[in-house]
Amino acid sequence: MFPSPVPQMPAKNHLLSALPGGDYERLRPQLEPVEFTPGRVLYEIADRVRYVYFPTSGMLSLLSITKSGGIIEVAMVGNEGVVGIPAILRTNITPYRVMVQIEGRGVRIAADALSREFNRGERLQDVLLRYTHALLSQISQSAVCNYFHTVEQRLCRWLLVARDRVHSDEFRLTQEIISHMLGVPRTNVTMRASALQQKGLIRYSRGKISIIDPRGLERASCECYHMVKEELSSFLAA
């Protein structure tokens, strides 16, 4: 069965939507629709990037992993961004695992095809370079947050970022997934999630998280959430 055709203009990916019509039309014949199922690994560490993915919904996570198997998330990507940045950085080797955390959809393009368009030096190059800066800012802030802030603050930040990426107050995530994202045991996640629930900030049941009080969750989070959000908002507004 042949994949469904990609529409004349992308539905929801901000990077593709920022391209002039002619630039997008050059890419469109090479874009393939994809579905993101939770737990699907798009790249492992040291994989060569064969495809670059532009989500239109859902959420992807960039994960750093130790030799002993420890996992921690360093960035989250939704329809504001792209995964597969090494394809335009002359290395084409990914330094982290990329995994689907929240189901969604998107489009993909062969890495060499995107690289050729990037090398034209036009709008796509500008958009991807500015997004790379925003992504590096998110990764840098995650390192600060993971070292200096409490698990509860980090959980609040993580839930808020997930909310921004999926544009919904409700999403499905297991405690096991959250423990991997935060780099802490599941028991710690259980305790912190219960505390947030008792404060009336969230409701958590059978893997479904509902954010009840976003403003309260922001107050309980650390400053990292607003710093990353402002960086991303600045990028999207440009």
Side-chain angles (χ1 to χ4, degrees), residues 12 14 36-40 55-64 70-81 98-105 134-135 137-237:
K12 297 177 182 177
H14 289 284
F36 300 125
T37 54
R40 177 184 174 187
T56 57
S57 62
M59 189 179 76
L60 312 177
S61 289
L62 277 54
L63 308 172
S64 287
I71 301 174
I72 194 163
E73 183 181 74
V74 295
M76 303 155 81
V77 178
N79 72 337
E80 85 293 342
V98 177
M99 187 169 72
V100 179
Q101 294 299 351
I102 299 177
E103 66 181 352
R105 296 182 177 182
L135 183 64
S137 296
Q138 184 184 168
I139 292 172
S140 298
Q141 200 62 43
S142 291
V144 171
C145 190
N146 291 333
Y147 186 81
F148 287 105
H149 297 142
T150 67
V151 173
E152 186 165 316
Q153 287 176 315
R154 290 163 52 207
L155 176 57
C156 292
R157 175 186 65 88
W158 196 88
L159 293 173
L160 289 166
V161 174
R163 175 179 182 261
D164 291 345
R165 296 300 183 272
V166 301
H167 310 287
S168 174
D169 288 326
E170 294 186 351
F171 37 88
R172 290 194 171 277
L173 287 169
T174 65
Q175 290 186 355
E176 182 177 10
I177 288 176
I178 298 174
S179 72
H180 285 165
M181 300 308 98
L182 298 178
V184 298
R186 287 179 58 184
T187 53
N188 206 334
V189 173
T190 301
M191 291 172 57
R192 302 310 168 189
S194 296
L196 296 181
Q197 189 163 245
Q198 290 172 5
K199 294 175 182 177
L201 301 180
I202 67 170
R203 182 168 56 248
Y204 183 77
S205 177
R206 297 179 181 178
K208 182 179 179 180
I209 295 177
S210 300
I211 296 178
I212 306 301
D213 183 359
R215 294 290 182 88
L217 205 61
E218 287 186 33
R219 289 191 293 269
S221 180
C222 52
E223 70 271 18
C224 298
Y225 169 67
H226 285 290
M227 294 177 70
V228 171
K229 185 175 182 179
E230 288 171 8
E231 176 68 35
L232 185 59
S233 296
S234 176
F235 159 72
L236 293 174

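Everything numeric in this text was worked out from a predicted model, so none of it was measured.
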Val189 vs Val184, side-chain contact (heavy atoms from CB on, under 4.5 Å): CA-CA, chis, key distance, verdict | CA-CA 7 Å; Val189 173; Val184 298; 3.8 Å; yes
Given the rule in the side-chain contact (heavy atoms from CB on, under 4.5 Å) test, do Ile72 and Asn146 qualify, once you have shown the distances and angles that lead to the verdict?
-> CA-CA 9 Å; Ile72 194 163; Asn146 291 333; 3.4 Å; yes
Evaluation steps, side chain to side chain donor-acceptor pair (under 3.5 Å), between Thr190 and Gln175 | CA-CA 7 Å; Thr190 301; Gln175 290 186 355; 2.6 Å; yes
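Counting only distance, with no hydrogens or angles, the side chain of Ser210 and the backbone of Ile212 share no donor-acceptor pair below 3.5 Å. Looking at Ser142, its side chain does come within 3.5 Å of a backbone N or O of Val74 through a donor-acceptor pair. Distance alone, capped at 3.5 Å, is enough to place a donor-acceptor pair between the Thr150 side chain and the Gln153 backbone. A side-chain donor-acceptor contact under 3.5 Å links Gln197 to the backbone of Tyr204. Remark: the backbone N or O of Glu176 is paired with a side-chain donor or acceptor of Ser179 at under 3.5 angstrom. Using a distance-only test at 3.5 Å, with no hydrogens or angles considered, no donor-acceptor pair links the side chain of Glu80 to the main chain of Arg165. One N or O on the side chain of His167 and one on the backbone of Asp164 form a donor-acceptor pair closer than 3.5 Å. Under a 3.5 Å cut-off, the side chain of Thr56 and the backbone N or O of Arg105 do form a donor-acceptor pair.
Interatomic distance, Ser221 OG to Arg154 CZ, rounded to the nearest 0.5 Å: 11.5 Å. Rounded to the nearest 0.5 Å, atoms CZ (Phe171) and CD1 (Ile102) are 5.5 Å apart. Note that the CG atom of Asn79 and the CE atom of Met59 stand 12.5 Å from one another [nearest 0.5 Å]. The distance from the CG atom of Leu182 to the CD1 atom of Ile71 is 12.5 Å, given to the nearest 0.5 Å. The CG atom of Leu135 sits 6.0 Å away from atom CG of Leu62, with the distance rounded to the nearest 0.5 Å. With rounding to the nearest 0.5 Å, the separation of OH in Tyr225 from CD in Glu230 is 10.0 Å.
At a threshold of 4.5 Å between non-hydrogen side-chain atoms, the residues Gln141 and Glu231 do not count as touching. Under the 4.5 Å side-chain criterion, counting only non-hydrogen atoms from C-beta, Glu73 is in contact with Leu63. Residues Glu152 and Met191 fail the side-chain proximity criterion, which asks for heavy atoms closer than 4.5 Å. The side-chain heavy atoms of Leu201 and Leu159, taken from C-beta on, include no pair separated by under 4.5 Å. Side-chain contact between Leu196 and Arg192 is absent, with no heavy-atom pair separated by less than 4.5 Å. The shortest distance between side-chain heavy atoms of Trp158 and Met76 falls below 4.5 Å. Taking the side chain as every heavy atom from C-beta outward, Lys208 and Arg203 never approach each other to under 4.5 Å.
Considering all non-hydrogen atoms of both residues, Gly200 and Asp213 come closest at O-CB, 3.8 Å. Contact between Gln101 and Ser61 at its shortest, heavy atoms only, is CG-OG, 2.7 Å. The shortest heavy-atom contact between Asp169 and Pro214 is OD1-CG, 4.4 Å. Considering all non-hydrogen atoms of both residues, Ile139 and Ala75 come closest at CG1-CB, 3.9 Å. Of all the heavy atoms in Cys222 and Cys145, the pair that sits closest is SG-SG, 3.5 Å. Closest approach of Ser57 and Phe36 over heavy atoms only: O-CD1, 4.2 Å.
Counted within 6.0 Å of CD on Glu218, heavy atoms from surrounding residues, nucleotides or ligands total more than 12; the atom is thus considered enclosed.
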